[in-house]
Amino acid sequence: MTTIAIKFPDGNTREYPKGVSGLDIAKSISNGLLREALAVEVNGEVWDLSRAINTDAQVRILKWNDIGGKDTYWHSTAHLMAEAVESIFPGAKFGVGPSIDAGFYYDIDLGGHTLSPEDLSKIEQKMLELAKGDSQIVREEKNWEDAITYFKKKNDSYKLELLDELKGQIITFYHSGKFTDLCAGPHLPSIGKVKAIKLLSVAGAYWRGDEKNKMLQRIYGISFPTQKELDEYLFRIEEAKRRDHRKLGKELDLFVFHDIAPGAPFWLPNGMIVFRELEKFLRYELDGSGYQEISTPILVKKELWEQSGHWDHYKENMFYFEHDDATFSLKPMNCPESTYVYRHRMRSYKDLPLRYSEIGRLHRNEISGALGGMFRVRQITMDDAHIYCRPDQILDEINSLILLVERFYSIFGLKPEYNLSTRPEGAMGDPKLWEEAESGLMKALEHNKIKYNLKPKDGAFYGPKIDVQIQDALGREWQIATIQLDFVMLPERFELEYVAEDGSRKRPVAIHRAIFGSFERFMGIITEHFSGSFPTWLSPHQTIVLPITDSHIEYAGKVYQALKNAGVRVELDDRNEKVNYKIREWEMKKASYMLVVGDKECNSNAVSVRQHKKGDIGVMPLDKFVDKILEEINLKTLTI
RNA sequence: GCUGAAGUAGCUCAGUGGUAGAGCAGCUGAUUCGUAAUCAGCAGGUCGUGGGUUCAACUCCCACCUUCAGCUCCA
């Protein structure tokens with residue numbers, strides 16, 4: 001019998017007979033591992049545990065905590081769901097059914113039937129029933145012609161279309177129970193490992209993501225090895241919904257939306273306090289970083305967009321109308337207009353870099369289905385800036401931009417994820433310039449020890465970019481900051497020039513950048529990030545003074561005035577209510593501090609301090625509290 | 001834009017063809033109170049909008065608007 005050498009992650013190597021399976025290997029190590037094993041990684045590829053290994057290999061047994069393990073688990077659950085759907089709705093046709101970050105989905109064509117919530121629970125029940133049967137999941141290799149014959153017989157046009165692209169390759173089928181699917185795998189050895197299942201939602205999804213194709217019904221679900229883990233997951237989802245900015249925005253009177261202005265918020269006084277603090281912080285930082293603030297018109301003639309290229313490429317996202325024989329549009333971006341500031345006089349190489357910042361109000365006609373709370377609006381307040389510099393200044397500028405971004409996010413305790421996008425197909429400009437720029441961006445990121453994901457060919461048509469992404473409460477990703485190099489759109493199309501040292505005319509490079517992305521989206525993100533409990537510097541209610549009875553109102557007024565004079569946002573709650581009542585109310589409004597004042601405090605010039613989420617933190621002299629809160633505000637201390 | 005779901009008092013929600021309901025918030029009064037809800041009373045609605053069916057529509061039908069989930073798009 002021939003043997004093969006299996007190398008493990010810890011570096012050990014063991015001999016096994018040729019054709020050994022992951023299952024055999026797990027069993028040879030321990031029963032515990034056998035129980036937990038879901039899949040096996042063979043030379044970096046995830047395989048079925050039951051698949052025979054015929055050559056020397058680097059092997060790792062994948063468990064629930066491994067991404068490959070979870071993927072396999074969820075993918076198999078998707079097949080289980082398909083089996084249940086097929087048994088309840090005979091003749092159902094299946095699109096694709098992969099695992100996703102959290103769970104799985106399957107796209108299904110049920111002819112005329114629309115799935116209802118009742119159908120989902122019926123399918124769920126059926127799945128649990130089938131899982132108990134613990135049928136084996138069997139992998140089968142087929143040649144292409146046989147695969148075609150199978151799905152022709154089943155009349156499944158979707159699978160036939162998928163097969164079309166796999167012509168000539170070895171096709172794999174997976175059989176689980178009565179369900180057979182075209183699938184690359186891998187899968188669990190048997191379906192009984194799936195113990196707890198929840199089908200979450202059903203939504204339309206175009207076949208292959210193309211709106212010209214038929215819309216299939218997509219069922220989303222998730223599964224776990226134990227009911228406890230499922231319950232915990234569902235609880236986390238509920239938690240996330242509780243911190244949804246749309247809910248908190250309403251509860252905390254930050255902003256509201258109204259039918260009368262779809263996709264545009266009405267900022268309420270409390271929301272405007274946060275907005276203004278963000279603006280103040282931004283302006284302070286930019287003033288210290290060599291920026292000059294500009295403001296350009298919201299309503300401009302379409303000729304501008306023709307010149308910038310937006311009229312050709314972005315018109316469907318723009319609002320425009322006729323007036324006095326001209327077409328006017330609301331600006332969807334600030335960049336083209338910033339060139340008018342650059343061009344308003346002759347620029348010397350000594351003037352560069354010119355850093356123009358603009359808090360600009362933009363309007364973009366997002367399609368109705370894309371709108372969503374503050375995360376996707378039609379009216380956007382952008383913290384934009386355009387830096388015009390010489391090519392030899394790019395690296396320095398990018399470097400300081402990265403530092404700026406890092407500093408901003410650390411203030412909020414946000415952990416951003418960086419993406420570097422490179423030259424797309426059909427990009428404009430000299431490829432050599434692109435390469436230099438891309439490696440410049442990489443160098444700047446690496447210099448600052450920043451990890452990033454490379455997104456090849458995902459850059460703008462005019463230059464490469466660094467995007468910063470962040471996840472919302474529900475795990476959806478949103479882009480916030482962006483740093484984009486531009487050799488073409490602004491410099492070329494608007495014929496920007498500077499006079500070089502030798503008197504010749506040269507073309508500057510433009511850098512487009514935003515840090516918050518937009519005030520709206522950023523507001524949504526930090527509302528969820530802080531669950532509405534903003535750090536004191538941002539908090540709409542920094543301090544509330546609570547006199548216990550009418551006899552303490554006079555002293556409470558002094559406390560109020562002292563804080564007011566110190567520049568703290570303070571409110572005096574002298575309503576005729578019990579202290580408990582007021583505390584509950586302000587706690588729900590997430591006020592940072594409450595100062596309870598009664599006889600004791602009146603007599604000693606003190607305040608009894610209650611901090612949001614922490615409760616009573618004791619009595620302290622009024623002066624000391626003023627110092628404490630001012631320090632917290634000035635240092636922008638994180639209070640979560 | 002597409003598929004599905006939803007829209008009832010300021011908010012959260014009940015109400016399956018026969019006189020629109022609750023809790024909270026609001027207002028008035030009483031209560032003067034030490035770290036998450038004091039009590040009582042009052043007021044509050046063109047049931048998203050517009051049509052239709054019916055003796056009668058919040059309820060059934062049609063169209064539209066908005067929101068939500070997802071798809072798609074994102075210079």
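Scope of the values below: all heavy atoms of this structure, side chains included, with no hydrogens, waters or symmetry mates. A note on names: the letters A, B, ... follow the listed sequences, proteins ahead of strands, and every chain is numbered from 1. Everything numeric in this text was worked out from a predicted model, so none of it was measured.
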- Message: Salt bridge or not between A/Arg343 and A/Glu495? Use side-chain N to carboxylate O under 4.0 Å.
- Response: no
- Its contact letters, B for base, S for sugar-phosphate only and - for none at protein heavy atoms under 4.0 Å, make nucleotides 22-30 of chain B read ---S-----
- Item | Canonical and wobble pairing (Watson-Crick, G-U, under 3.5 Å) of RNA chain B, dot-bracket with | | (((((((..((((....[..)))).(((((.......))))).....(((((..]....))))))))))))....
- Message: Taking A/Glu585 first and then A/Arg575, would you say they form a salt bridge - that is, a charged N and a carboxylate O separated by under 4.0 Å?
- Response: yes
- Task: Quick one: label A/Gly598 by what it contacts on the DNA or RNA (base, sugar-phosphate, nothing), any heavy atom closer than 4.0 Å.
- Result: base
- Query: Within the structure shown, what part of the strands sits under 4.0 Å from A/Arg376 by heavy-atom distance: base, sugar-phosphate, or nothing?
  - Reply: base
- Task: Answer with base, sugar-phosphate or nothing: what part of the nucleic acid does A/Leu371 contact at a heavy-atom distance below 4.0 Å?
- Result: sugar-phosphate
- Message: Under 4.0 Å, heavy atoms only, any strand: does A/Tyr105 hit a base, just the sugar-phosphate, or nothing?
- Response: nothing
- Query: Hey, would you say the A/Trp267 and A/Phe519 ring centroids sit under 6.0 Å apart?
  - Reply: no
- Message: Roughly how many Å apart are B/G44 and B/C27, using the P atom of each and rounding to a whole number?
- Response: 16 Å
- Query: Mind checking the P distance from B/A57 to B/U49? Whole angstroms is fine.
  - Reply: 15 Å
- Is it true that A/Lys93 and A/Asp156 make a salt bridge, defined as a side-chain N closer than 4.0 Å to a carboxylate O? no
Write down the protein N/O and nucleotide N/O pairs, taken from nucleotides 5-14 of chain B, whose separation is under 3.5 Å; answer none if there are no such pairs.
residue	atom	partner	partner atom	Å
B/U12	OP1	A/Lys250	NZ	3.3

- Query: Less than 4.0 Å between a side-chain N and a carboxylate O, is that true for A/Lys331 and A/Glu358?
  - Reply: yes
- Message: Counting the atoms with a prime plus P, OP1 and OP2 as sugar-phosphate, which does A/Gly263 contact under 4.0 Å by heavy atoms, base, sugar-phosphate, or nothing?
- Response: sugar-phosphate
- With sugar-phosphate meaning primed atoms plus P, OP1 and OP2, does A/Gly309 contact a base, only sugar-phosphate, or nothing at under 4.0 Å between heavy atoms? base
